[in-house]
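I have placed the structure first, in the form of structure tokens, so that the comments after it can refer back to it.
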2 protein chains.
Amino acid sequence: MKRTIILYGLALAVLIFFLKFIEYRFLVRDLSLEFYIGAVAIFFTVLGVWAGLRLTKKKTIIITNPAFQFDQGRLNALGISKREYEVLELMAKGLSNQQIADKLFVSLNTVKTHSSNLFLKLEVSRRTQAVQKAKELQLIQ
Amino acid sequence: MKRTIILYGLALAVLIFFLKFIEYRFLVRDLSLEFYIGAVAIFFTVLGVWAGLRLTKKKTIIITNPAFQFDQGRLNALGISKREYEVLELMAKGLSNQQIADKLFVSLNTVKTHSSNLFLKLEVSRRTQAVQKAKELQLIQ
DNA sequence: GAAACCTTCACCCGAAAGGGTGATTCTTCT
DNA sequence: AGAAGAATCACCCTTTCGGGTGAAGGTTTC
């Protein structure tokens with residue numbers, strides 16, 4: 001922002017001195033006033049576009065929430081165990097219980113037990129709610 | 001934004017008057033032409049800024065982190081209808097199909113149809129994935 | 001060593017979700 | 001007026017989820 005203004009100012013100064021220069025060399029006889037004005041117009045239009053875009057350029061998208069930080073305390077407060085948390089994470093990725101079971105090398109029944117306990121502790125009754133609530137509580141990203 | 005442009009204009013004016021001042025001291029010449037050039041420069045700068053912003057309006061709307069903005073275009077690109085979007089929103093809140101049906105005053109079958117079409121369009125096969133993907137695509141908050 | 005966890009797994013059952021097909025009504029666009 | 005799409009609903013069937021109960025083996029803690 002500041003750099004843009006400074007650069008703009010410098011460009012402006014350079015141009016004006018440049019114009020002064022050619023003015024003294026070639027344009028004292030008023031040979032092409034139209035050309036002179038045209039050049040100034042074009043130059044400042046371009047400069048204006050450039051500066052305008054520069055100044056209004058938005059910051060890049062931040063998809064992940066930078067304010068997120070893993071809070072073990074909140075997990076403990078809810079009594080969520082390590083294994084249950086792993087299930088929760090995979091659940092949030094949209095995996096089915098079977099896929100979670102394959103990933104954690106346990107049986108489907110085990111995953112179901114974990115998820116059931118998880119629902120009790122989060123006080124929900126469906127996985128979508130669990131994911132939503134876990135995000136609200138900043139348990140997962 | 002506007003403040004930036006105003007500040008910029010003021011900076012420009014200051015610079016020009018500064019240059020004028022130098023000019024008076026060292027390069028006393030035809031003053032009316034100089035002012036004319038200055039006016040043209042300012043005018044075209046403003047024009048350039050304005051035109052630049054106008055022309056790139058859509059491209060510069062990039063959402064910064066907390067500011068979610070509804071993007072109809074992305075919905076259209078995926079071919080997601082209004083009703084499907086409503087189902088998606090309620091789905092993301094963790095509601096069951098039956099609850100969604102009650103809320104929208106339609107039958108369970110209708111909700112299932114909408115969600116099926118939604119899954120096709122989002123290229124997913126489960127509601128958790130749909131919600132996750134919709135958030136990634138900034139379709140929902 | 002008993003109590004309190006965690007982790008693992010099994011079985012049953014009902015509810016919910018998902019996939020497929022077809023059909024009707026209504027609006028909208030050409 | 002006809003085509004296209006949206007919204008609605010139905011019926012079928014399979015898979016997945018969720019709730020309940022029970023149980024065995026492991027660790028930690030008092």
Side-chain angles (χ1 to χ4, degrees), chain A residues 70-137 139-140, chain B residues 70-137 139-140:
Chain A
F70 182 78
D71 188 353
Q72 184 67 48
R74 222 179 313 234
L75 276 188
N76 293 341
L78 291 168
I80 294 175
S81 74
K82 195 180 130 217
R83 210 57 166 163
E84 285 162 358
Y85 183 73
E86 289 177 329
V87 170
L88 176 60
E89 279 180 312
L90 296 174
M91 208 176 258
K93 285 188 181 174
L95 300 193
S96 69
N97 284 342
Q98 184 60 64
Q99 288 172 316
I100 295 173
D102 294 342
K103 210 148 202 166
L104 296 181
F105 301 108
V106 295
S107 82
L108 174 60
N109 287 308
T110 303
V111 174
K112 287 171 95 174
T113 303
H114 285 323
S115 62
S116 277
N117 292 332
L118 206 46
F119 295 160
L120 284 178
K121 289 167 183 175
L122 288 176
E123 295 173 299
V124 296
S125 53
R126 256 181 300 288
R127 50 177 54 221
T128 38
Q129 290 179 331
V131 170
Q132 197 208 357
K133 189 145 192 179
K135 287 189 179 176
E136 264 177 40
L137 297 174
L139 297 178
I140 56 175
Chain B
F70 181 78
D71 188 353
Q72 183 67 49
R74 222 178 312 234
L75 277 187
N76 292 340
L78 291 168
I80 294 174
S81 74
K82 194 178 131 218
R83 209 59 165 162
E84 286 162 357
Y85 183 74
E86 289 176 329
V87 170
L88 176 61
E89 279 180 311
L90 296 175
M91 208 176 260
K93 284 188 183 174
L95 300 193
S96 68
N97 284 341
Q98 185 59 64
Q99 287 171 318
I100 295 173
D102 293 342
K103 210 148 203 166
L104 296 181
F105 301 107
V106 295
S107 82
L108 175 59
N109 287 307
T110 304
V111 174
K112 287 170 99 174
T113 303
H114 285 323
S115 62
S116 278
N117 292 331
L118 206 48
F119 295 160
L120 284 178
K121 288 167 184 175
L122 288 175
E123 295 173 299
V124 296
S125 54
R126 256 180 301 287
R127 49 177 53 222
T128 38
Q129 291 179 331
V131 170
Q132 196 209 359
K133 190 146 191 179
K135 286 188 180 178
E136 261 178 42
L137 296 175
L139 296 179
I140 56 175

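Proteins come first, then strands; the chains are lettered A, B, ... in the order of their sequence lines, and each starts at number 1. Only heavy atoms go into these numbers, but all of them, side chains included; no hydrogens, no water, no symmetry mates. Computed from a predicted structure; not experimentally measured.
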Give a yes or no answer on whether the side chain of [X] reaches the backbone of [Y] with a donor-acceptor pair at less than 3.5 Å.
X        : Y        : result
A:Lys121 : A:Leu78  : no
B:Thr110 : B:Val106 : no
A:Tyr85  : A:Leu139 : yes

Here the distance between atom C1' of C:dA16 and atom CZ of B:Arg126, to the nearest Å, is 14 Å
Assign each of A:Asn97 and B:Lys82 the nucleotide of DNA chain D bearing its closest heavy atom; nearer the 5' end lies the nucleotide of B:Lys82
Of all heavy-atom pairs linking A:Thr128 and B:Gly94, the shortest is OG1-CA, 3.6 Å
Given C:dT7, is OP1 or OP2 found less than 4.0 Å from the side-chain N or O atoms of A:Arg83?
no
- Are side-chain heavy atoms of B:Val124 and B:Leu118 found at a separation under 4.5 Å? no
Report yes if the side chains of A:Leu90 and A:Val111 come closer than 4.5 Å at any heavy-atom pair, otherwise no. no
Distance col, row B:Leu122:CG vs B:Leu88:CG, nearest 0.5 angstrom, shows 6.5 Å
Ordered by number, residues from residues 99-120 of chain A within less than 4.0 Å of DNA chain C (heavy atoms) are A:Val106, A:Ser107, A:Asn109, A:Thr110, A:Thr113, A:His114
Footprint ends on DNA chain D, 5' to 3', for atoms under 4.0 angstrom from a heavy atom of chain A, come out as D:dC17 to D:dG19
* Can a salt bridge be assigned to the pair B:Lys133 and B:Glu136 using a cut-off of 4.0 Å between side-chain N and carboxylate O? -> no
